[in-house]
Novice: 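Sharing a structure with you now.
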Amino acid sequence: MKITLPDNSLRELPAGSSGYDLAKDIGPGLAKSAVAISIDGVQKDLHDEIPGDATVSIITINSDEGIEIMRHTLTAQVLARAIKNLYPKSKLAIGPTIENGFYYDVETDDAISVDDLEKIEAEMKKIIKSKSSITKKLVDKSDALKVFKSKKETYKEIIINESDQKDNFQLYYQDNEEFVDLCRGPHLPSLNFIGSFKLTKVSGAYWKGDAKNNMLTRIYGTAWNNDKDLNNYLNSIEEAQKRDHRKLGKEMDLFHFQDEAPGMVFWHPYGWNIYKTLQNFIRNKLDKNGYQEINTPQVVDRKLWEASGHWDKYRENMFITEIDEEQANEKRVNALKPMNCPCHVQVYNQGLRSYKDLPIRYAEFGSCHRYEASGTMHGLMRVRGFTQDDGHIFCTEDQIESETALFINLLSEIYSDLGFNEFDIKLSTRPEIRIGSDKIWDKAESALENAIKKLNYPYKIDEGDGAFYGPKLDFVLTDAIGREWQCGTFQADFNLPDRLNAEYVGEKGDKHHPVMIHRAILGSFERFIGILIENYSGKMPFWLAPQQVVVASIVSEVNDYAKEVQKLLIEKGIRSEIDLRNEKISYKVREHSSKKVPIILAIGKNEKNDKTVSIRRIGSNDTEVVELNKALKTIITENSVKF
RNA sequence: GCUCAUAUAGCUCAGCGGUAGAGCACUUGCUUGGUAAGUAAGAGGUCACCGGUUCAAGUCCGGUUAUGAGCUCCA
């Protein structure tokens with residue numbers, strides 16, 4: 001038979017040859033590192049027979065695919081077997097690979113905790129050392145069921161029963177059928193190929209990811225070809241933990257949470273400085289881009305939420321308030337607003353709107369509350385009380401495209417000012433259950449798509465992922481360590497203007513419902529500040545820093561001059577503090593550096609005599625002595641650069 | 001909401017049935033110093049909350065609340 005290799009060269013092999021035979025034929029080195037093959041793009045076991053003429057590539061242990069197969073074998077063959085050895089009554093569910101590692105879900109009577117991981121790892125190493133061979137059997141459905149029924153592996157039975165496959169169920173055996181697993185494969189030909197690994201955590205996970213099902217125990221691990229790669233990975237996790245905004249928030253005295261208000265931020269002065277600066281920055285951008293800022297109530301009667309549809313669809317996430325009847329003779333049920341949109345429609349609805357008024361762009365730093373499930377909260381990233389940089393554009397169908405373009409340009413400018421130069425766009429199109437005619441969906445989807453195309457941005461289409469009320473764009477930015485955060489959103493809505501009777505008078509004097517576009521750039525201030533803190537490891541750019549300058553005296557004799565310098569800074573709107581404590585300058589430098597203050601101005605006798613300051617910037621060990629007025633000028637310029 | 005874990009001084013943590021500990025921070029004294037920790041002393045705690053076991057409970061057990069890691073969710 002004729003085998004085509006990835007470089008398009010041809011090789012002739014006798015019929016019935018396996019992937020291993022092919023690898024051997026190409027070279028002994030390749031045969032040694034080969035772990036699987038890919039036949040016409042489909043991964044197969046190394047010792048599988050190649051059925052006939054085909055394009056075949058050899059997967060080696062050092063390739064990305066090879067590592068993934070190694071992780072797969074490690075979880076499905078080694079971790080699973082170790083669990084069965086240590087906890088014979090446990091039942092295996094599934095064990096897939098994930099980014100950088102793998103997990104296995106098991107049902108078990110004995111609680112497995114992180115303390116048990118060491119024990120399980122030791123058992124895994126024992127299994128690997130035993131150098132078990134892995135052999136594969138193909139069986140039909142009834143035989144496969146028999147095997148797992150006898151072993152009381154109920155989850156495997158479910159998987160087999162739910163499969164529409166008739167036969168060719170792949171059973172992988174180790175050591176004379178002592179251990180068997182059902183698997184799509186491929187697996188390593190031998191456990192010798194397994195490199196360095198570590199079990200990392202234990203948690204619960206629902207069977208099939210459905211909260212209605214059993215909670216299984218999930219054991220996570222990471223695996224690499226060698227110790228070096230493993231350690232690099234573990235170190236990178238540690239580095240990411242160092243920039244955790246919750247830790248930095250405490251160290252930098254930015255905010256706190258407490259039991260009485262879970263998921264609600266207590267902003268401290270320094271944290272609020274970041275918040276205020278960011279908000280002013282956004283406000284300034286909105287003012288320059290045709291938005292009108294408004295402000296609407298936070299506590300609103302349920303009638304409005306019934307009209308908007310939130311009472312039906314979103315109620316479990318809403319904080320409901322009732323007035324105490326004992327104290328007031330009025331009984332009303334109110335809700336804290338979870339979104340600003342219904343209130344914005346109320347503002348729009350005051351007065352008669354003409355097509356000549358459109359587009360109308362309302363912006364609100366809208367304080368919203370959502371009752372998030374307790375287990376979902378996470379520092380600033382997921383909270384119950386937050387403020388959006390929200391906005392709603394009321395426009396005609398024909399204006400959607402131009403509004404999209406204006407929005408994307410504004411978003412891109414803001415992200416880049418904040419230090420994020422890379423973002424992805426995702427276009428989500430009509431879902432199965434939706435409102436609005438196909439005609440308007442066609443129009444809105446193509447308006448969004450055309451706008452992106454004309455601006456030459458790459459984008460992905462997520463078919464069917466739009467909201468029931470209209471198509472949307474999501475904007476995902478990439479941070480300094482490569483993590484992605486979905487922040488911006490732009491959603492067309494054909495539903496709400498209709499439900500809440502928003503109208504405008506058209507050219508012919510007839511009434512129409514405007515299209516309403518929900519849009520945000522940061523998402524929520526809380527979450528975005530969390531992202532900024534982690535992106536910058538707390539070392540915010542000068543204009544955003546909570547404390548921008550600390551003036552530190554070296555000897556008490558210069559305190560007056562230090563005070564004078566600080567006063568000049570404050571007069572110019574620089575967030576600056578003064579440190580006149582009876583401490584050595586190195587002590588002061590250490591403390592303010594660890595608080596990530598961007599600029600420390602050290603003042604000693606020389607500076608006082610020469611009317612200069614000694615500038616020390618965070619991240620640098622150099623100092624620069626500069627004439628006071630020149631230093632002030634530099635600092636003021638740096639502060640205003642984004643406004 | 002679910003699973004598992006955690007909750008001790010302002011912070012980071014030790015203590016795991018028998019009189020509450022350390023380092024840092026804080027206060028005071030000495031020290032006036034040149035760019036990431038001078039020095040000595042002092043003060044600081046219903047050991048998250050409620051209940052149980054015990055002669056005796058931060059310590060063991062149950063519940064509550066919050067937090068963490070995941071899962072699920074995010075019209």
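Naming: A, B, ... by sequence-line order, numbering from 1 per chain. Because the structure is a prediction, the values reported are computed rather than measured.
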Novice: Which residue in the set A:H344, A:K337, A:Q346 passes side-chain hydrogen bond (donor to acceptor under 3.5 Å, both in side chains) when paired with A:T296?
Specialist: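 Result for side-chain hydrogen bond (donor to acceptor under 3.5 Å, both in side chains) with A:T296: A:K337.
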
Novice: Give me the distance, rounded to whole Å, that separates B:A57 from B:C16 when you measure between the C1' atoms they each carry.
Specialist: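 Here B:A57 and B:C16 have their C1' atoms 11 Å from each other.
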
Novice: What does B:U59 pair with, Watson-Crick or G-U, if both distances are under 3.5 Å?
Specialist: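 Partner of B:U59: none.
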
Novice: B:G44 and B:G23: how far apart are their C1' atoms, nearest whole angstrom?
Specialist: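 Roughly 15 Å separates the two C1' atoms.
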
Novice: Kindly say if A:R581 contacts the phosphate of B:C26, meaning a side-chain N or O under 4.0 Å from OP1 or OP2.
Specialist: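 Yes, such a contact exists.
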
Novice: Would you indicate whether the side-chain heavy atoms of A:T200 and A:Y103 approach each other to under 4.5 Å?
Specialist: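 Contact flag for A:Y103/A:T200 side chains = no.
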
Novice: What integer distance in Å separates A:D579:CG from B:G33:C1'?
Specialist: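 Between C1' of B:G33 and CG of A:D579: 13 Å.
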
Novice: For B:C26 and B:U35, measure between their C1' atoms and round to the nearest Å.
Specialist: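 Per the computed distance, 25 Å lies between those C1' atoms.
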
Novice: Who is the Watson-Crick or G-U wobble partner of B:C2, with both distances under 3.5 Å?
Specialist: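 When the pairing criteria are applied, B:G70 turns out to be the nucleotide that pairs with B:C2.
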
Novice: Between atom CD in A:E251 and atom C1' in B:A25, what is the gap in whole Å?
Specialist: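 Interatomic distance, CD of A:E251 to C1' of B:A25: 13 Å.
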
Novice: Distance check, P atoms only: B:G45 and B:U3, in whole angstrom units.
Specialist: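 So the two P atoms sit 38 Å from each other.
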
Novice: Produce a footprint string for nucleotides 34-40 of chain B: one letter per nucleotide, 5' end first; B if the base is under 4.0 Å from any protein heavy atom, S if only the sugar-phosphate is, - if neither.
Specialist: BBBBB--

Novice: Do A:R315 and A:W305 come close enough that some side-chain heavy atom pair is under 4.5 Å?
Specialist: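 Counting from C-beta outward, A:R315 and A:W305 never come under 4.5 Å.
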
Novice: In whole angstrom, give me the gap between the C1' atoms of B:G1 and B:C47.
Specialist: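 Per the computed distance, 30 Å lies between those C1' atoms.
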
Novice: With both distances kept under 3.5 Å, what pairs with B:U12, Watson-Crick or G-U wobble?
Specialist: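 Pairing partner: B:A22.
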
Novice: Respond yes when some side-chain nitrogen or oxygen of A:K250 is under 4.0 Å from OP1 or OP2 of B:U12, and no when none is.
Specialist: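 Yes, because at least one side-chain N or O of A:K250 sits under 4.0 Å from OP1 or OP2 of B:U12.
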
Novice: Could you tell me if A:N340 and A:H392 have a donor-acceptor pair between their side chains, going purely by distance under 3.5 Å?
Specialist: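 No donor-acceptor contact under 3.5 Å links the two side chains.
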
Novice: Considering every strand shown, what is the Watson-Crick or G-U wobble mate of B:U65 when both distances are under 3.5 Å?
Specialist: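 Pairing partner: B:A7.
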
Novice: Nearest 0.5 Å please: distance from the CG atom of A:D424 over to the CG atom of A:D474.
Specialist: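 The CG atom of A:D424 sits 11.5 Å away from the CG atom of A:D474.
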
Novice: Between A:L216 (CG) and B:C4 (C1'), how many Å, whole number?
Specialist: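 Rounded to whole Å, this separation is 13 Å.
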
Novice: Validate the cation-pi geometry between A:K596 and A:Y270: distance from NZ or CZ to the six-membered ring centre under 6.0 Å, angle to the ring axis within 45°.
Specialist: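 Geometry flag: not set, cation outside 6.0 Å or 45°.
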
Novice: Would you call the rings of A:F494 and A:W441 parallel, tilted or perpendicular if under 30° counts as parallel and over 60° as perpendicular?
Specialist: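 Ring orientation, 0 to 90° scale: perpendicular.
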
Novice: In the 5'-to-3' direction, what one-character label does each nucleotide of nucleotides 66-75 of chain B receive under the scheme B = base within less than 4.0 Å of a protein heavy atom, S = sugar-phosphate only, - = no such atom?
Specialist: SSSSBBBBBB

Novice: Give me the one residue out of A:D493, A:D390, A:L496 that meets side chain to side chain contact (heavy atoms under 4.5 Å, CB included) with A:C341.
Specialist: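 Checked A:D493, A:D390, A:L496 against A:C341; only one passes side chain to side chain contact (heavy atoms under 4.5 Å, CB included): A:L496.
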
Novice: What's the spacing between A:D105 CG and A:Y220 OH if we round to 0.5 Å?
Specialist: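 Rounded to the nearest 0.5 Å, the CG-OH separation comes to 7.5 Å.
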
Novice: Only pairs with both distances under 3.5 Å count, Watson-Crick or wobble alike; so what is the partner of B:U27 in this structure?
Specialist: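 Pairing partner: B:A41.
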
Novice: Determine which nucleotide pairs with B:U54, using a 3.5 Å limit on both distances of a Watson-Crick or G-U wobble pair.
Specialist: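 Because no pair has both required distances under 3.5 Å, B:U54 counts as unpaired.
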
Novice: With the 90 degree cut-off around zero defining syn, does B:U46 come out syn or anti?
Specialist: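 Syn, since the glycosidic angle lies within 90° of 0.
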
Novice: Test A:F475 against A:F420 for ring-ring contact (aromatic ring centres under 6.0 Å, His included), laying out the working first.
Specialist: CA-CA 12 Å; A:F475 299 85; A:F420 303 104; over 10 Å; no

Novice: With C1' as the reference atom in both, quote the distance from B:A20 to B:U59 in angstrom, rounded to an integer.
Specialist: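 12 Å, rounded to whole Å.
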
Novice: Between A:V565 and A:E607, is any pair of side-chain heavy atoms under 4.5 Å apart?
Specialist: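 A side-chain contact is absent here, since even the closest heavy-atom pair is not under 4.5 Å.
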
Novice: Would you measure the distance from the P atom in B:A14 across to the matching atom in B:A7 and give it in whole Å?
Specialist: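 The answer is 8 Å between these two P atoms.
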
Novice: Expressed as a whole number of Å, how far does the P atom of B:C30 sit from that of B:A48?
Specialist: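 Those two atoms are separated by 40 Å.
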
Novice: Syn or anti: how is B:G10 classified when any glycosidic angle within 90° of 0 counts as syn?
Specialist: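 Anti, which is what one calls it when the glycosidic angle falls more than 90° from 0.
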
